[in-house]
> 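One structure, as C-alpha cells, below. Some questions next.
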Amino acid sequence: MIIRRRLTVGVGILLATLTAGLGSALPAAADETPTKASPKVELVLDVSGSMRTRDIDGQSRMTAAKRAFNEVLDSVPEQVQLGIRTLGADYPGDDRKVGCKDTKQLYPVGPLDRTEAKTAVATLAPTGWTPIGPALLGAADDLEGGDSTRRIVLISDGEDTCGPLDPCEVARDIAARGIHLVIDTLGLVPNEKIRKQLTCIAEATGGTYTAVQHTDELSGRVKQLVDRAAEPVVTPVAAEGADSCTDAPKLKAGLYTDREKFGEHRWYRVDVLPGQELRASASVFADRAVNNDYGTLLRAVTVHGREIVRGSESGTGRTDAISSGLRYPKPEQDTDDDEPVAETVCLQVSNSFSAPASVKTSPGMPVELTVDVVDGPDNAADVAAFGLGRGWWLLGVLVLTGLIAGLLTGWISRWRIAVWRTNR
C-alpha cells in the first residue's frame, strides 16, 4: 500500500515537472520574434588636398572633420554597423587616371570598435584628388548584403574632379538598384557649384544636403544622420503647397517635402476628427548662403481664416535648418447621435529668409513637413484644445493673486486714512 502511494506521488511529481517545463517552454517559443537586421552606415570623407584649408573655426577642414568624427564615433548606437571610406587620401601626384581611383575603405562596415576606428581616422592627411563618383560606388558595394537599411554620409569640400563619371548619375544608378540606400551629403564650403552637385546626389536617393561651416554643426548633423539610420525609414512624399488654403493639397499623416522661395507662404490642408489631435512641424533648410537673421512660421487656420494656433522660431546664422511646430487638439462632439464630421485645418508654412543679391533664389529652399493625427488628450477641458498653451493656467493664477493683493492693499490704505482722520 505504501509502495503504491509512493509510486503515485512519484508519477504525480514527474507529470507536474513535465507540465511546468512545457508551460515555460511554450511562451518562450511564442515570444520569439525574427531579429531585425542591424542598419548599416558608411561615412565617406573627402581627404583631398583642399582639406588643408584653414577656414573652419580657425582650424583646417581636416582637423574639424577628425574632431567631428571622434565625437560621432563616441555616440554611435550599438545596433548600427558603421564603416568609414575615404577619397583622395593616398595619391599626391598629378596622374588623373591614378588619382581618380584613390578611394579605399578605411574601416569595414560592422560592429564598431571605437578605439580602432579613431586610430584609423587619426592617420589621415589631406593628399590628392576628389573622386566622389568612384567613392560612392565603392561605398554602395561596402553596404551590400542583407535586408537592413543602408545609409551613406558623404562629407566633402569640393566638386568631383574625376569626370566624365558624374557623381549625380552614379547616385541615380545606385537608387535604381532598389536596395533602399540613402545618400546624405554635407558641404564644407558655401559654393554654388558644390551645393548644386551635392544636392543632386542627395535628392537622387531621397537623402538630404546640409551646408556646414562650424565643427559643432558638422558633428551634430552626422550624429543626427547616424541616429536616423537606427530608426525605421520613412520615405518623404513630394507635396506642392498652394498660394491659398482653397487650392492647397489635402495631406494625411506622414512626412512631406516641398520647396519654398524666400519670404513665401505655402498652404496645405489636413482633416481632423472630433477627439483627435493634430501635430505638425515644419523645417526650412538654407541650402545656400543667406543673411544671418531669419525665421520660420507654422500656423493652423480655419477655412474661414481664423487663426487657431501658431508656432514660430528665429535664427541668427548658427544653423542652416530652422524648425517650428504646433499642436491642435479638437474637442469631442457634444452628442453621439450624429456622425463625426472632420474639420479641415489649413496649415501655413512661411519663412523670413533673405540673401545677398548674388545668391540665386530659384529653386526654392527645401521644406520638410511632418503631419500626425493622434487621439486627443483625455481632459476635454484642456485649454490647448482652443489654441492656448498649457502655461495659461499659471498666468490666470498670477492675475488672480495680483487682484487679491491689490484689493487688500487698497482696503488697508483706506483703513489707515480713516484712523488718521479720526485721531487728527
Side-chain angles (χ1 to χ4, degrees), residues 68 151-157 168 171 182-214 216-229 231 233-241 251 254-266 268 280-298 311-326 347-356 359-371:
R151 185 177 294 270
I152 295 173
V153 180
L154 170 66
I155 301 102
S156 178
D157 70 337
C168 193
V182 175
I183 303 174
D184 296 290
T185 59
L186 290 87
L188 304 182
V189 177
N191 177 281
E192 182 64 20
K193 289 184 178 180
I194 297 171
R195 181 200 66 80
K196 185 176 180 180
Q197 186 174 83
L198 294 180
T199 299
C200 181
I201 292 170
E203 291 183 346
T205 61
T208 59
Y209 162 74
T210 307
V212 291
Q213 295 179 271
H214 300 280
D216 56 348
E217 291 177 2
L218 177 59
S219 59
R221 183 57 174 163
V222 177
K223 284 180 187 177
Q224 186 182 52
L225 294 172
V226 173
D227 289 342
R228 184 177 293 180
E231 300 171 355
V233 175
V234 179
T235 303
V237 177
E240 186 174 352
L251 306 181
L255 178 65
Y256 300 89
T257 59
D258 199 355
R259 283 190 174 272
E260 189 171 85
K261 296 177 182 178
F262 290 91
E264 189 179 17
H265 308 289
R266 304 287 275 180
Y268 312 86
S281 64
S283 300
V284 181
F285 299 87
D287 58 351
R288 65 207 73 179
V290 298
N291 295 328
N292 284 344
D293 294 321
Y294 47 76
T296 183
L297 170 68
L298 177 63
S312 61
E313 190 59 63
S314 59
T316 56
R318 290 293 299 170
T319 177
D320 66 317
I322 187 166
S323 306
S324 61
L326 57 81
L347 291 177
Q348 179 192 23
V349 180
S350 309
N351 76 82
S352 59
F353 280 87
S354 61
V359 175
K360 293 182 178 179
T361 59
S362 182
M365 296 176 294
V367 174
E368 188 173 273
L369 177 64
T370 303
V371 175

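In what follows, residues are counted from 1 in the order of the sequence shown. Note that the structure is a prediction, hence the values are computed from the model and not measured.
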> Is there side-chain contact between Thr296 and Ser323, with at least one heavy-atom pair below 4.5 Å?
no
> Supply the atom-to-atom distance Leu154 CG to Ile152 CD1, rounded to the nearest 0.5 angstrom.
8.5 Å
> Looking at Tyr209 and Ala202, what are the two nearest heavy atoms and their distance?
N-CB, 4.0 Å
> With sequence neighbours excluded, what pairs up with Arg221 under the salt bridge (Lys or Arg N to Asp or Glu O under 4.0 Å) test?
none
> How long is the straight-line distance from OH of Tyr256 back to OG1 of Thr370, given to the nearest 0.5 Å?
10.0 Å
> Under the rule for side-chain hydrogen bond (donor to acceptor under 3.5 Å, both in side chains), what residues qualify as partners of Thr205, not counting sequence neighbours?
none
> Kindly give the heavy-atom pair with the smallest separation between Ile322 and Glu313, and that separation in Å.
CD1-O, 3.4 Å
> Which heavy atom of Asn191 sits nearest to which heavy atom of Ile194, and what is that distance?
OD1-N, 3.1 Å
> What orientation do Phe262 and Phe353 show, parallel under 30°, tilted 30 to 60°, or perpendicular over 60°?
perpendicular
> For Gly241 versus Asp258, what's the shortest heavy-atom pair and its separation?
N-OD2, 2.7 Å
> Counting heavy atoms not belonging to Glu192, are there more than 12 under 6.0 Å from its CD?
yes
> For Ala280 and Leu347, work out which heavy atoms get closest and say how close.
CB-CD1, 4.0 Å
> Less than 4.5 Å apart, side chain to side chain, heavy atoms only: is that true for Thr361 and Val359?
no
> How close do Ala289 and Pro356 get, counting heavy atoms only, and between which atoms?
O-CD, 4.0 Å
> Rounded to the nearest 0.5 Å, what separation is found between the NZ atom of Lys223 and the CG atom of Leu225?
12.5 Å
> Would the distance check show the side chain of Glu264 and the main-chain N or O of Glu260 forming a donor-acceptor pair, the cut-off being under 3.5 Å?
no
> Are Leu218 and Leu188 side-chain neighbours, meaning at least one heavy-atom pair lies under 4.5 Å?
yes
> Out of curiosity, Ser281 OG to Leu255 CG, how far, rounded to the nearest 0.5 Å?
8.5 Å
> With sequence neighbours left out, write down each residue that passes side-chain hydrogen bond (donor to acceptor under 3.5 Å, both in side chains) with Ser350, or none if nothing qualifies.
His265, Gln348
> So Arg259 and Glu240, do their side chains get closer than 4.5 Å, heavy atoms only?
no
> Going from CG on Leu298 to CG on Leu326, what distance comes out if it is rounded to the nearest 0.5 angstrom?
4.0 Å
> Within a 6.0 Å radius of atom NZ on Lys196, are there more than 12 heavy atoms belonging to other residues, nucleotides or ligands?
no
> Strictly distance-based, threshold 3.5 Å: is any side-chain N or O of Arg288 a donor or acceptor partner for the main-chain N or O of Lys360?
yes
> Between atom OG of Ser314 and atom CG of Asp293, what is the distance when rounded to the nearest 0.5 Å?
8.5 Å
> Under 3.5 Å, is there a donor-acceptor pair between the Thr208 and Asp184 side chains?
yes
